[in-house]
There are 2 protein chains.
Amino acid sequence: MTPTAPPDDEQGHSGQTAEQATEQAAGQPLLPLAGQTPPMRADAARNRTRLLEAAARLVAERGPEHLTMEAVAAAASVGKGTVFRRFGDRGGLLMALLDHSERLYQESFLTGPPPLGPGAPPVRRLEEFGIATLRHLAAHRALLLAAEPEACRRFEPPPRRLVLTHLTALLREADVGGDAELLAHTLASHLDVALLHHLTRRRGMPLDRLEAGWLDLVARVTRT
Amino acid sequence: MTPTAPPDDEQGHSGQTAEQATEQAAGQPLLPLAGQTPPMRADAARNRTRLLEAAARLVAERGPEHLTMEAVAAAASVGKGTVFRRFGDRGGLLMALLDHSERLYQESFLTGPPPLGPGAPPVRRLEEFGIATLRHLAAHRALLLAAEPEACRRFEPPPRRLVLTHLTALLREADVGGDAELLAHTLASHLDVALLHHLTRRRGMPLDRLEAGWLDLVARVTRT
DNA sequence: GCGGTAAACGGACCGTGGTCCGAATACTTT
DNA sequence: AAAGTATTCGGACCACGGTCCGTTTACCGC
């Protein structure tokens, strides 16, 4: 990687809340904090929106898996370098396309009304969280799948980390015994877009069955 | 893909056993059946071993993540096309390097002595299977990680399918309630090389903790 | 307006995975 | 041994992600 500042990706997924932050471990902030990045130059901002529009159009036309960076650059009448400077890499561009829905989704369980948001008992929140997540995944399946990073980075993207800390917090709050962090990984892996894709598309499982499976899993895992 | 016959990969991972085959669903045989493929031409066989030797050397020298197909071809004094015809793609070559240990691993739980192999009570076998798998993954971490396919194909490679059918069979045998197939996926995701990599290398978790987590997970999941 | 400077631009360039197809060659048949 | 044929070979070729760096341009102080 070059020594230049990391790409801004988008303006960052909403701010951090009071959901206690478990560990944080690796460097990188849990969510790309929305703090004021020095404002963008006018041409940069203009190109940014042109690129996003072009990308959205191409995705709608040909599907996210056929989106190429050159095509986006060309469709936006912009140099290829510009695309990479703005979004870092292909995954960054795809994630930027999802930014809006991702934010809504995150807010729904971080600060939304119970039983999904704070206020309901933790096990209840776990159940709701899984259902909400499965539906979010199903709704954006193709895009999320195309944005999925290489295997060795699968757990690094901030959205994934947020899911994990959220699950860990709820498990701790539910006072389930055992290794909360590992159990959170277990639960999280049931909310994986690749798994959802495999089960629903390749194996023809209905989404209901996944949802029922989630409730059953929560029951088994939280049973003291 | 071309209409030519699919690449032979390697001579195939050992044969199928009596472990009931759950569903089989998608086309493709569960294990690339070892049935006699029409024998290889002499030059093909020679090149195959030269390629594997070259690849093994390069992996040892520079690590599997830096292995390029061209480098292998060059090191084996062979055309690039030959590498691809023989192994299909990068993943196929990497898997071929693992073929021997993979076979030993599979035999250990399919036909080996109890409590890992048939003969012990199913829950006991589950426990042993997880431990054995975690150690197998840890032993071949780098190679397995480099061989991991794109997200949308994560569950397709025969070894992964074998793990799933094995887990499903043991769960059914243990007469745990619930959706055996989904529970098998839950268990399998704890035995994922990317997860193991993340937890042990990025987060510094000792392998013991993963093993303890596995035993705990089996207990929670099989608790009736 | 006018210069100075940091930021953004753009497209040539590179490495790598994967394909293609005419040339070469190992087996078979007579 | 010679001819025939199916298989394999090999490297030119393509597509795509990602980098680099000389050029352009928006913003800031005057």
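Only this structure's heavy atoms are used, side chains among them; waters, hydrogens and symmetry mates stay out. Lettering follows sequence order; numbering is per chain, from 1.
In this structure, B:G81 and B:R41 both approach DNA chain D, and ranking their closest nucleotides by distance from the 5' end singles out B:R41. Residue order along DNA chain C, read from the 5' end via each residue's closest nucleotide, puts A:A45 first among B:H66 and A:A45. Map B:R46 and B:E70 each onto its nearest nucleotide of DNA chain D; the residue landing nearer the 5' end is B:R46.
Protein atom CG of A:L58 is 12 Å distant from nucleotide atom P of D:dC16, rounded to whole Å. At whole-Å resolution of the value, CD in A:E65 and P in D:dA15 are 19 Å apart. Rounded to a whole Å, the CG atom of B:L51 is 14 Å from the P atom of D:dT8. Rounded to an integer number of Å, the gap from CZ of A:R62 to C1' of D:dC16 is 14 Å. Atom CZ of B:F84 and atom C1' of C:dC21 are 17 Å apart (whole Å). Between the P atom of C:dC9 and the CZ atom of A:F87 lies a distance of 11 Å, rounded to the nearest Å. D:dC21 atom P lies 14 Å from atom CZ of A:R85, rounded to whole Å. Between B:M69 atom CE and D:dG11 atom P there is a gap of 16 Å when expressed in whole angstrom units.
Applying the 4.0 Å criterion to OP1 and OP2 of D:dC9, one finds that B:R86 has a side-chain N or O inside that range. Distances shorter than 4.0 Å separate none of the side-chain N or O atoms of A:N47 from OP1 or OP2 on C:dA8. Side-chain N/O atoms of A:R90 include none lying less than 4.0 angstrom from OP1 or OP2 on D:dG18. Side-chain N/O atoms of A:T82 include one lying less than 4.0 angstrom from OP1 or OP2 on C:dG10.
Closest approach of B:A96 to B:L52, counting heavy atoms only: CB-CD2, 4.0 Å.
Residue B:H136 forms a side chain to side chain donor-acceptor pair (under 3.5 Å) with just one option from B:Q106, B:R141, B:E102, and that option is B:E102.
Looking at the side chain of B:A44, the nearest of the listed nucleotides D:dC9, C:dC9, D:dG18 is D:dC9. Taking every side-chain heavy atom of B:A42 into account, C:dC27 is the closest of C:dC27, C:dC9, C:dG11. Here the side chain of A:V78 is nearest to one of D:dA26, D:dT8, C:dG10, namely C:dG10. Of the candidate nucleotides D:dG17, D:dT8, D:dA26, D:dA26 has the atom nearest to the side chain of A:D43.
Below 30°, between 30° and 60°, or above 60°: for B:F129 and B:Y105 the angle between ring planes is below 30°, a parallel geometry.
Surrounding CZ of B:R201 are at most 12 heavy atoms belonging to other residues, nucleotides or ligands under 6.0 Å away.
Checking side-chain atoms of B:R86 against main-chain N and O of B:L93 turns up no donor-acceptor pair under 3.5 Å.
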